[in-house]
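Starting off with a structure, shown below.
Keep in mind that what you see is a predicted model, and the values were worked out from it rather than measured. Residue indices begin at 1 and follow the sequence shown.
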Amino acid sequence: MPKSLLFTVVVTFAAIVNAAAATQVALQFKESPQFYNSPDCPFVIDKDHESNSDGEPNILCWDRAVHVAMTLDTTYIRGTMAAILSVLQHSSCPQNIAFHFIASASATATTSILRATISSSFPYMNFQVFPFNDSSVSRLISTSIRSALDCPLNYARSYLGNLLPSCVHRVVYLDSDLVLVDDIAKLAHTQLGDNSVLAAPEYCNANFTSYFTPPFWSNPSLSLTFANRKACYFNTGVMVIDLDRWREGDYTTKIEEWMELQKRMRIYELGSLPPFLLVFAGNIAPVDHRWNQHGLGGDNYRGLCRDLHRGPVSLLHWSGKGKPWDRLDTDRPCPLDALWAPYDLLQWQTPFALDS
């Protein structure tokens with residue numbers, strides 16, 4: 001094929017992909033109600049009069065704010081909007097929440113639309129969008145059991161220490177396929193103790209060995225990684241992270257080293273989770289299971305319906321293949337998808353729409 005024709009084909013294909021992405025982002029979302037702080041909340045900085053040396057609103061660096069990090073893309077924008085609404089709606093101090101969104105640096109036009117979409121639906125919200133150089137991590141990604149797990153942005157959680165300003169010392173990382181039904185400040189104030197870098201709900205009844213391949217466990221130099229550690233599975237979709245300790249320990253590099261080894265010999269199968277387990281399992285601060293009722297999206301193959309775990313619920317997480325918006329759109333929802341539907345801000349979704 002002549003080079004000129006090949007170039008034309010590539011450019012045309014890119015234009016089609018970008019147009020499709022723009023169409024997806026251009027879905028019309030309703031404006032969220034404005035949420036106000038309760039009287040006993042800490043003083044909110046006046047964004048019109050106070051800013052930091054970079055000209056950013058101080059609340060985005062404010063220690064007393066609850067800092068929330070999420071990724072931002074076209075595929076999960078509908079879930080992201082619902083998650084944001086749930087956080088604000090159930091917070092006693094919603095004006096004191098600072099959202100830090102991570103978006104692909106290679107899709108600047110789409111990111112601009114995403115930013116405008118959030119601004120339109122949440123005009124009073126404190127947020128900033130940070131570009132993530134996804135090409136830097138693409139070379140480290142190995143194929144996993146589900147293609148959605150191989151998206152470079154799925155690995156952005158490993159780079160929060162580099163992406164967020166140094167003035168942000170602690171952050172709550174949230175996936176986009178969840179909703180909160182409790183005050184996020186309770187989760188954000190989790191005690192990390194003297195040494196823990198992150199906190200998350202642990203699930204020690206899960207078969208931890210299944211997250212790694214037989215070659216990993218048969219190699220003593222690798223399996224001894226978990227020696228003297230009570231390693232348990234934890235879900236990385238909900239984490240409280242001490243970014244100062246993360247940066248001091250250079251944990252991004254530690255995670256990348258395991259990803260580089262995975263490229264040479266297959267030691268795990270499940271995307272961005274195993275490197276976190278290799279670095280942190282057995283050394284994290286525990287969080288009550290109510291803060292991650294996960295697995296509501298079913299397994300990674302079929303996405304079948306699941307029930308809640310026993311106990312109280314503060315956060316519902318549709319991890320797995322099945323997403324509530326997809327199942328609702330195809331008129332094949334699982335029973336628990338009705339708990340997500342009231343937070344759906346998409347304009348044409350009327351049966352479970354939030355009254356504004």
Side-chain angles (χ1 to χ4, degrees), residues 21-33 35 66-91 94 97-105 107 109-132 134 148-149 151-157 160 163-164 171-181 184 187 235-239 272 292 294 296-297 315-320 322-329 337 339-349 352-354:
T23 300
Q24 186 174 3
V25 178
L27 295 172
Q28 294 298 309
F29 293 92
K30 294 185 296 184
E31 181 177 330
S32 163
F35 299 100
V66 171
H67 294 274
V68 179
M70 301 179 71
T71 56
L72 193 61
D73 67 353
T74 59
T75 304
Y76 285 91
I77 182 61
R78 192 167 163 193
T80 301
M81 301 290 277
I84 296 169
L85 177 59
S86 73
V87 170
L88 296 174
Q89 183 172 329
H90 294 285
S91 172
I97 299 176
F99 284 88
H100 307 272
F101 297 109
I102 313 300
S104 171
T110 303
T111 299
S112 297
I113 300 174
L114 289 167
R115 183 187 291 108
T117 299
I118 291 178
S119 295
S120 177
S121 289
F122 302 100
Y124 308 103
M125 189 175 73
N126 304 295
F127 79 93
Q128 190 166 3
V129 180
F130 298 91
F132 174 56
D134 42 14
L149 300 175
C151 172
L153 200 59
N154 194 43
Y155 290 79
R157 71 196 80 192
L160 293 176
L163 293 168
L164 301 190
V171 70
V172 178
Y173 175 81
L174 299 176
D175 274 350
S176 295
D177 53 357
L178 55 77
V179 294
L180 275 79
V181 292
I184 195 172
L187 175 61
N235 182 277
T236 54
V238 179
M239 298 184 289
S272 63
N292 197 351
H294 70 289
L296 304 186
L315 186 151
L316 298 148
H317 188 184
W318 278 262
S319 57
K323 303 307 175 188
W325 54 89
D326 291 332
R327 297 195 291 215
L328 287 164
D329 286 354
D337 294 344
L339 299 176
W340 179 89
Y343 302 98
D344 188 7
L345 285 173
L346 195 66
Q347 284 280 25
W348 53 263
Q349 280 291 336
F352 301 95
L354 177 75

Next on the checklist: Between Asn235 and Gly237 (side chain of the first, backbone of the second, donor and acceptor by atom type, cut-off under 3.5 Å), is there such a pair?
Outcome noted: yes
Checklist entry - Can you name the nearest heavy-atom pair linking Val68 to Val171, along with the distance? => result C-CG2, 4.0 Å
Checklist entry - Aromatic rings Trp325 and Trp340: how do their planes relate, parallel, tilted or perpendicular, breaks at 30° and 60°? => result tilted
Next on the checklist: Please enumerate all residues that pass ring pair (Phe, Tyr, Trp, His ring centres under 6.0 Å) together with Phe127, with sequence neighbours excluded.
Outcome noted: Phe101
Checklist entry - Does Tyr173 offer a backbone N or O that forms a donor-acceptor pair with the side chain of Arg157 under 3.5 Å? => result no
Item to check | Test log, rule side chain to side chain contact (heavy atoms under 4.5 Å, CB included), inputs Tyr76 and Asp175 | outcome: CA-CA 10 Å; Tyr76 285 91; Asp175 274 350; over 6 Å; no
Next on the checklist: Between Asn126 and Tyr124, is there a side-chain donor-acceptor contact under 3.5 Å, judged purely by atom types and distance?
Outcome noted: no
Item to check | Under the salt bridge (Lys or Arg N to Asp or Glu O under 4.0 Å) test, residues paired with Asp134 that sit two or more places apart | outcome: none
Checklist entry - Any side-chain heavy-atom pair from Ile184 and His90 closer than 4.5 angstrom? => result no
Checklist entry - What residues form a ring pair (Phe, Tyr, Trp, His ring centres under 6.0 Å) with His317, not counting sequence neighbours? => result none
Checklist entry - Do Val87 and Tyr343 touch side chain to side chain, with heavy atoms closer than 4.5 Å? => result no
Checklist entry - Side chains of Leu114 and Thr80: closer than 4.5 Å at any heavy-atom pair? => result no
